[in-house]
Amino acid sequence: MAQSGKAKKNLPHMMRKRAEFLSARNGVRATAKALRCEAQIVGENRDHPRIGFTVTKKNGNAVKRNRIKRRMRAAIQSAKNLKMRDGNNYVFIAKPNALTVPFVTLQSDIADLIRKSHKRLDVRPAAHNAKPDV
């Protein structure tokens, strides 16, 4: 039986719970051609980044949504020099054209979004990046 918190191959740990996705909305946002990214510094001391994928029903039926998620996972696995920071949460939200853009564009969008998110997280005061009390 596989452990749900274990990273597969080159993929960072996956976010699974709704609360984790909602807390990332309190972080910074960046936009690219086919994706949006919400990133947040989490107050916990973790030795790995966590990522999550969101594909809404606006993007099509279940087959198309699953295909978009597979493309995003593959783009993150195969992209080089992503430089995700340990202790950060990243949520990638697909736009409707994420299924049709070239794979290379998807890879470059992910790298650009991570870079933009880091710039914005560095500028933003630490109090806004911390996990809110629930």
Side-chain angles (χ1 to χ4, degrees):
M1 189 164 157
Q3 295 177 357
S4 62
K6 202 168 191 176
K8 296 179 182 177
K9 299 179 188 173
N10 299 347
L11 212 57
H13 290 254
M14 299 295 292
M15 295 169 53
R16 301 274 184 217
K17 296 181 182 173
R18 184 173 190 267
E20 296 169 341
F21 285 85
L22 293 177
S23 72
R25 293 191 60 92
N26 296 328
V28 298
R29 294 186 182 120
T31 305
K33 187 176 183 181
L35 301 170
R36 275 189 12 219
C37 178
E38 295 173 348
Q40 179 190 32
I41 299 171
V42 181
E44 306 166 15
N45 291 329
R46 286 196 322 252
D47 59 347
H48 57 273
R50 289 192 308 178
I51 60 169
F53 301 108
T54 300
V55 184
T56 65
K57 289 186 178 182
K58 290 180 187 179
N59 292 319
N61 61 16
V63 174
K64 290 180 182 177
R65 293 194 308 266
N66 287 335
R67 189 164 174 220
I68 291 170
K69 283 188 265 190
R70 284 195 307 269
R71 288 187 85 209
M72 289 194 298
R73 275 194 298 267
I76 286 180
Q77 266 183 316
S78 64
K80 295 175 178 38
N81 301 326
L82 283 184
K83 297 182 177 150
M84 290 185 179
R85 293 181 184 168
D86 294 340
N88 284 6
N89 286 348
Y90 302 91
V91 177
F92 295 98
I93 303 163
K95 292 183 179 180
N97 65 341
L99 186 60
T100 58
V101 297
F103 190 71
V104 176
T105 304
L106 204 57
Q107 286 178 315
S108 65
D109 278 359
I110 288 172
D112 290 343
L113 288 173
I114 291 171
R115 187 180 39 76
K116 286 180 191 177
S117 297
H118 289 170
K119 280 186 181 179
R120 292 179 182 159
L121 284 170
D122 292 342
V123 171
R124 196 167 187 184
H128 288 91
N129 294 325
K131 191 173 183 179
D133 294 332
V134 178

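Here the structure is a predicted model, which means the values were calculated and not measured.
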Compare all side-chain heavy atoms of Tyr90 with those of Met15 and state whether any distance is below 4.5 angstrom.
-> no
So, does Asp109 use its side chain to make a donor-acceptor pair with the main chain of Ala34 at under 3.5 Å?
-> yes
Supply the atom-to-atom distance Phe53 CZ to Asn66 CG, rounded to the nearest 0.5 angstrom.
-> 13.0 Å
Answer with yes or no whether the hydrophobic clustering places Phe21 together with Leu35; edges join I, L, V, M, F, W, Y residues whose side-chain heavy atoms lie under 4.5 Å apart.
-> no
In terms of hydrophobic clustering (I, L, V, M, F, W, Y; side-chain heavy atoms under 4.5 Å; direct or indirect links), are Leu113 and Val101 co-clustered?
-> yes
Shared hydrophobic cluster for Met72 and Leu82 (ILVMFWY, side-chain gaps under 4.5 Å) | yes
Value rounded to 0.5 Å, distance of NZ in Lys33 from CG in Asp112 | 12.0 Å
Heavy atoms only: give me the nearest Val28-Ser117 pair and the separation to one decimal.
-> CG2-O, 3.8 Å
Closest non-hydrogen contact found for Ala30 with Lys116 is CB-CB, 3.9 Å
Using the rule that two of Ile, Leu, Val, Met, Phe, Trp, Tyr join whenever any of their side-chain heavy atoms come within less than 4.5 Å, decide whether Ile110 and Val91 are in one cluster.
-> no
Heavy atoms only: give me the nearest His118-Lys83 pair and the separation to one decimal.
-> CE1-O, 2.9 Å
Do Thr31 and Lys95 have side-chain heavy atoms sitting under 4.5 Å apart?
-> yes
Give a yes or no on whether the backbone of Asn59 and the side-chain of Arg65 come within a donor-acceptor separation of less than 3.5 Å.
-> no
Would you name the heavy atoms of Phe103 and Ser78 that are closest together and state the gap between them?
-> CE2-OG, 3.6 Å
Taking atom CG of Leu106 and atom OG1 of Thr100, what is their separation to the nearest 0.5 Å?
-> 10.0 Å
Counting N and O atoms only, with roles assigned by atom type, does the side chain of Arg71 sit under 3.5 Å from a partner on the main chain of Leu99, one being a donor and the other an acceptor?
-> yes
Could you grab the distance from atom CD1 of Ile51 to atom CE of Met84, nearest 0.5 Å is fine?
-> 5.0 Å
Counting N and O atoms only, with roles assigned by atom type, does the side chain of Gln40 sit under 3.5 Å from a partner on the main chain of Ser23, one being a donor and the other an acceptor?
-> yes
When you look at CZ of Arg29, are more than 12 heavy atoms from neighbouring residues, nucleotides or ligands closer to it than 6.0 Å?
-> yes
Please answer whether the main-chain N or O of Ala94 pairs with a side-chain N or O of Lys69 as donor and acceptor at a distance below 3.5 Å.
-> no
Lys64 and Val55, any side-chain heavy atoms less than 4.5 Å apart = no
Ser108 side, atom OG; Arg115 side, atom CZ - distance, nearest 0.5 Å = 10.0 Å
